[in-house]
Number of protein chains: 2
Amino acid sequence: MTTEMPPTDFDLDHFLPYRLDRLADRVSEALAQLYETHYGLNVAQWRVLAWLHHRHELTAKQIRAATRMDKARVSRAVQVLEGRGLIVRRPSPRDQRLHDLRLTETGQALMVELVPQVRAWEAELVAPLTTEEYHRLLDMMARLERQLRDDAR
Amino acid sequence: MTTEMPPTDFDLDHFLPYRLDRLADRVSEALAQLYETHYGLNVAQWRVLAWLHHRHELTAKQIRAATRMDKARVSRAVQVLEGRGLIVRRPSPRDQRLHDLRLTETGQALMVELVPQVRAWEAELVAPLTTEEYHRLLDMMARLERQLRDDAR
DNA sequence: GCCAGATAGTTGCACATGAAACCATATAGG
DNA sequence: CCTATATGGTTTCATGTGCAACTATCTGGC
């Protein structure tokens, strides 16, 4: 019962995947407060709106690529958002399989209200970092992502 | 229909929560390959094993605190692991409500086999970073977490 | 032009998860 | 002691998600 076995012991506090997951989870949870409680959006719906706000017009496929969500998940989020009148969906004139998605006036208004709050919240989150650190952080994260992509193949 | 609306546009690629989530998701997915395909463990189960390997003996409550998982989720992971003979669970002598969890010989053997693989994988992941960068990364992440904790209250 | 894949998106199904109700045990106050 | 309350852990239930099957449309080869 004392200390019989530290054979391959590894310290989870210095294990990047664990730390990353914990942080992402906490950040996500805190951010969700903003759009969930006040606007009744779940994560998937928020992501769709954020991308449409960012890019103006996208198809489900493009959103799927950007958010790494399953296509069914995107599809369902879109249905709800359309039902709530926050986005419109119309078949692309070029290809009837594709549906161009856009924010409606209402959806746009919602985002115009929500985005500044989200930004302010993020600013507070990253307040402990200097601007340079923040850039380095994003840069390191980009390199890690690239490494994953390269590993994969 | 042209370019009517970039009023509060914000760039998701420089939005930390988004980037963090995407990276954590990819890392988690890649890591899961190691324990899922070869050892049939899901995320929750892996986390329980990792903590028991790390800390030797814990209660469900402690694991819950460490992993930020719901207690029901921990409970179910424990059931499966016990069923597979990877951990043992016995009521704590001090308090019958608590159950002390430990790896069995088999569970220990599995981790002795798995952990080095995980470590090697992590080493490859962080290869693009210098040792100092890696430390800075963890440090920045810690500061962000602290900020979240302080915000919350 | 027409058929054989490919591709965008939807739906059915099985499963994992979180919230809440629940059970068992512990502890504190009378 | 004995009751009231708190706490660790389990189970139930509703919900969200991923995978796979499906539908509708498109595209390339003949």
Side-chain angles (χ1 to χ4, degrees), chain A residues 21-22 24-26 28-30 32-33 35-37 40-49 51-52 55 57-84 87-102, chain B residues 21-22 24-26 28-30 32-33 35-37 40-49 51-52 55 57-84 87-102:
Chain A
D21 199 83
R22 203 177 62 185
D25 187 55
R26 283 185 165 142
S28 176
E29 181 186 69
Q33 291 283 324
Y35 54 74
E36 217 162 31
T37 58
L41 302 168
N42 69 20
V43 189
Q45 289 152 207
W46 153 254
R47 285 180 186 165
V48 171
L49 289 185
W51 276 96
L52 288 180
R55 280 305 183 76
E57 184 170 84
L58 293 167
T59 66
K61 183 193 166 112
Q62 291 172 305
I63 289 177
R64 183 168 168 263
T67 58
R68 292 174 57 75
M69 295 197 290
D70 187 80
K71 56 200 223 170
R73 199 177 169 192
V74 175
S75 174
R76 284 162 189 142
V78 164
Q79 283 174 55
V80 171
L81 294 173
E82 194 185 17
R84 286 182 56 180
I87 66 177
V88 279
R89 199 177 62 113
R90 40 151 223 202
S92 164
R94 277 277 173 204
D95 183 337
Q96 297 287 123
R97 292 171 306 177
L98 300 164
H99 295 270
D100 291 330
L101 306 172
R102 279 173 178 251
Chain B
D21 199 84
R22 202 178 61 183
D25 187 55
R26 283 183 165 144
S28 176
E29 181 185 71
Q33 292 282 324
Y35 54 74
E36 216 161 32
T37 56
L41 301 168
N42 70 19
V43 189
Q45 291 153 205
W46 152 255
R47 284 179 187 165
V48 171
L49 289 185
W51 276 96
L52 289 179
R55 280 303 183 76
E57 185 172 81
L58 293 167
T59 66
K61 184 192 167 114
Q62 291 173 306
I63 289 178
R64 184 168 167 263
T67 58
R68 293 175 56 76
M69 293 196 292
D70 186 81
K71 57 198 220 168
R73 198 176 170 194
V74 174
S75 175
R76 284 161 190 143
V78 164
Q79 283 175 55
V80 171
L81 294 172
E82 195 185 16
R84 285 182 56 180
I87 65 177
V88 280
R89 198 178 64 113
R90 37 151 225 205
S92 163
R94 278 275 173 207
D95 184 336
Q96 297 288 122
R97 292 173 305 180
L98 300 163
H99 295 272
D100 292 329
L101 305 173
R102 280 173 177 249

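Under the 3.5 Å distance criterion, the side-chain polar atoms of Q33(A) are left unmatched by any main-chain donor or acceptor of A30(A). Checked by atom type and distance alone, the side chain of T67(A) pairs as donor or acceptor with a backbone atom of I63(A) at under 3.5 Å.
Straight-line distance from the CG atom of D95(A) to the P atom of dA6(C): 17 Å, rounded to whole Å. Atom pair M69(B):CE and dG8(D):P shows a separation of 16 Å (rounding to whole Å applied). The separation between R90(A) atom CZ and dG9(C) atom P is 14 Å, rounded to whole Å. Atom pair D100(A):CG and dA8(C):P shows a separation of 13 Å (rounding to whole Å applied). Note: CD1 (I63(B)) to P (dG8(D)) measures 14 Å, nearest angstrom. Taking atom CG of D25(B) as the reference point, atom C1' of dG18(D) lies 13 Å away to the nearest angstrom. Taking atom CG on N42(A) and atom C1' on dT17(C), their separation rounds to 14 Å, with Å as the unit. Separating the CG atom of L58(A) from the P atom of dG9(C) is a distance of 11 Å, rounded to the nearest angstrom.
Among dT7(D), dC19(D), dT17(D), the nucleotide with an atom closest to any side-chain atom of R97(B) is dT7(D). You'll find that the side chain of A72(A) is closest to dT11(C), out of dG9(D), dG9(C), dT11(C). The L98(A) side chain lies nearest to dG9(C) when the options are dC26(D), dG9(C), dT7(D).
Note on Q79(A): a side-chain N or O is less than 4.0 Å away from OP1 or OP2 of dT11(C). Distances shorter than 4.0 Å separate some side-chain N or O of S75(B) from OP1 or OP2 on dT10(D). Dashed line: the shortest gap from a side-chain N or O of R73(A) to OP1 or OP2 of dT17(D) is under 4.0 Å.
At a threshold of 4.0 angstrom between heavy atoms, the contacts of R64(B) with the nucleic acid are absent. The residue K71(B) sits close to a base: some heavy atom pair falls under 4.0 Å. Across all strands, A60(A) comes closer than 4.0 Å only to sugar-phosphate atoms, never to a base (heavy-atom distances).
Toward the 5' end of DNA chain C, the nearer of the two residues Q96(B) and R76(A), judged by each one's closest nucleotide, is R76(A). Between D70(B) and P93(A), it is D70(B) whose nearest contact on DNA chain D lies nearer the 5' terminus.
Looking at L52(B) and E57(B), their side chains never come closer than 4.5 Å, going by heavy atoms from C-beta outward. Between D100(B) and R94(B), the closest side-chain pair of non-hydrogen atoms is not below 4.5 Å.
With D21(B) as the partner, the salt bridge (charged side-chain N to carboxylate O under 4.0 Å, His left out) test is satisfied by one option alone out of R26(A), R47(A), R68(A): R47(A).
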